[in-house]
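Here is how names work: the chains are called A, B, and so on, in the same order as the sequence lines, proteins then strands, and each is numbered from 1.
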Amino acid sequence: FLGAGGGNDIQWCFSQVKGAVDDDVAEADIISTVEFNHSGELLATGDKGGRVVIFQQEQENKTQSHSRGEYNVYSTFQSHEPEFDYLKSLEIEEKINKIRWLPQKNAAQFLLSTNDKTIKLWKISERDKRPEGYNLKEEDGRYRDPTTVTTLRVPVFRPMDLMVEASPRRIFANAHTYHINSISINSDYETYLSADDLRINLWHLEITDRSFNIVDIKPANMEELTEVITAAEFHPNSCSTFVYSSSKGTIRLCDMRASALCDRHSKLFEEPEDPSNRSFFSEIISSISDVKFSHSGRYMMTRDYLSVKIWDLNMENRPVETYQVHEYLRSKLCSLYENDCIFDKFECCWNGSDRQVEFLSLIVMTGSYNNFFRMFDRNTKRDITLEASRENNKPRTVLKPRKVCASGKRKKDEISVDSLDFNKKILHTAWHPKENIIAVATTNNLYIFQDKMN
Amino acid sequence: QDAQKDGAVSPERAEEAKLKAKYPNLGHRPGGSDFLMKRLQKGQKYFDSGDYNMAKAKMKNKQLPSAGPDKNLVTGDHIPTPQDLPQRKSSLVTSKLAG
């Protein structure tokens, strides 16, 4: 039972790993986003090469009650391609920054995928039957000579091997001067927002030639630029409310009913800083890399370089909870700045809603270095560090918790801070919306873990 | 978190001192604008379409000077051409995740 036991009482086991084994990783294979759809049946990944791969969960095998269905490849397609904007001398990467699924309305599935400049609505549909028995066409498509037709028949649908097709239905382009970092679908299921470094736009899913600018923080004089937008999300229930986070560690909540341009926030969430602790790194590590509302919308969670903070929407002056992801890195900031790791953008996510306990956001998951990822249980205040590695490959064997030794004598099975591999970063993780299944992306591999059943 | 003991320097401040020792000319503005400007300019390559087209017009029959051996450095005396810019082809290979 998720509520009572929480993070440490879930026994995570390895389930699957996708991707190449070799260490030589091509740039294109770097995973840049991971997202379950609303039912959890589909799991999408995007990569630096502009490709999307969608996995589908097998129907639960009634005889094998030990594990939930495995995820197998369902569809893969090239979402974005590299472009060069000659007018601005700007190279536009094809890297997929975010994927967001639409709730399912009919047989087809829809998702939004975005690179730095262009958002696309993709339709993924199945074809498992085809019409056969045309009067004027052969089965291979060639036309029959009408004079050879002596009888008429009614074409019928016959089953065929399942074919999954992805087609771009809408292309939302030319609305962003700066680089898109977030997309978020509104609870009205008709509109969505896209946010870049300085602006946020509101779109209607059906309309591509028009977009409303709802936030613009570009200063008149760029020399005065002090902060940029780092993430944005719509409230899960209130269709006029959204939040956006900044590189200075603040979150602004805006209400679209207040005015057309939401430059004036309704609420400003900011933790007061102790000025005596301020250093060259303070602002950089306070930059928020991800913001996620809780299921109810009462809370939101933010990820900055070293911690995860939970905010109560009713309290602006400080977070209600703070969890340290890898505090031992605070004494390594100099080298992390030199190797650029200090700018890594980690995401965070909530647990799915458990069958028994609906809509409670109780567990936080986020990534770290050395292919470690962390979970925090809000109830018990316990936390755990796990590793995504091919060495832990035995299904149904519970993952062993990891521990980093910050200083002093290293115990057996602990790893010292200086031995951590900073090239092995887990930036993207996702939790199945309904079950204890998680997807964890290392640089170029996707791991799926499940909780041990019985 | 950043508990400062009497006389002891916080880990962050110690790291800052290390950085300043290595790079004495580091900007006085902590964090801030330098990073932001770099972030906003991501993807910027040197190619001026105006210069290119003017040069093309002037040198109709003459051959355009092309880039030197270092394809990444397309600034200097010659006019960069679209061909000089590193070619970026999309990944036509299927993702290894689907393999």
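One distance of note links CG of A:D47 with CG of B:L97; it measures 7.0 Å at 0.5 Å rounding. Taking CD of B:Q41 as the reference point, atom NZ of A:K88 lies at 13.5 Å (rounded to 0.5 Å). The distance from atom CG of B:L36 to atom NZ of A:K248, rounded to the nearest 0.5 Å, is 9.0 Å. Summarising the geometry, atom CG belonging to B:L40 is positioned 5.5 Å from atom CG belonging to A:L198; distances are rounded to the nearest 0.5 Å. With values rounded to the nearest 0.5 angstrom, A:M222 atom CE is found 4.5 Å from B:M37 atom CE.
Of all non-hydrogen atoms in B:E15 and A:S335, the two that sit nearest each other are OE1-N, 4.3 Å. Taking both residues in full, the closest heavy atoms of A:E338 and B:K22 are given as OE1-NZ, 2.9 Å, listed atom of the first, atom of the second, then distance. A:S282 and B:E12 make their closest contact through OG-OE1, 3.2 Å (heavy atoms, listed as atom of the first residue, atom of the second, distance). Nearest approach of A:C334 to B:K18, heavy atoms of both residues: SG-CB, 3.9 Å.
For chain B, no part of A:Y74 is nearby; none of its heavy atoms comes within less than 4.5 Å. For A:I285, the part lying under 4.5 angstrom from a heavy atom of chain B is the side chain only. Both the backbone and the side chain of B:A98 come within less than 4.5 Å of a heavy atom in chain A. When heavy atoms are compared at a cutoff of 4.5 Å, A:L336 does not approach chain B at all. For chain B, the nearby part of A:F343 is the side chain; its heavy atoms alone come within less than 4.5 Å.
A heavy-atom distance below 4.5 Å is not found between the side chains of A:N444 and B:K96. Residues B:K42 and A:E93 have side chains in contact (heavy-atom distance under 4.5 Å, counting atoms from C-beta outward).
Annotation: maximal heavy-atom pairing with chain B below 4.5 Å, among A:A20, A:S286, A:S331, occurs at A:S331. Taking A:L90, A:V73, A:N72 one by one and counting their heavy-atom pairs under 4.5 Å with chain B, the maximum is reached by A:L90.
Atom CG of A:N339 has more than 12 neighbouring heavy atoms from other residues, nucleotides or ligands inside a 6.0 Å radius. The environment of A:E165 atom CD is dense: over 12 non-hydrogen atoms of other residues, nucleotides or ligands sit within 6.0 angstrom. When the shell of 6.0 Å around CZ of A:R318 is examined, it contains 12 or fewer heavy atoms from other residues, nucleotides or ligands.
In terms of the side chain to side chain donor-acceptor pair (under 3.5 Å) criterion, B:S95 has no residue partners (sequence neighbours excluded). Not counting sequence neighbours, the partners of A:Y337 by the ring-ring contact (aromatic ring centres under 6.0 Å, His included) test are A:F280, B:F35.
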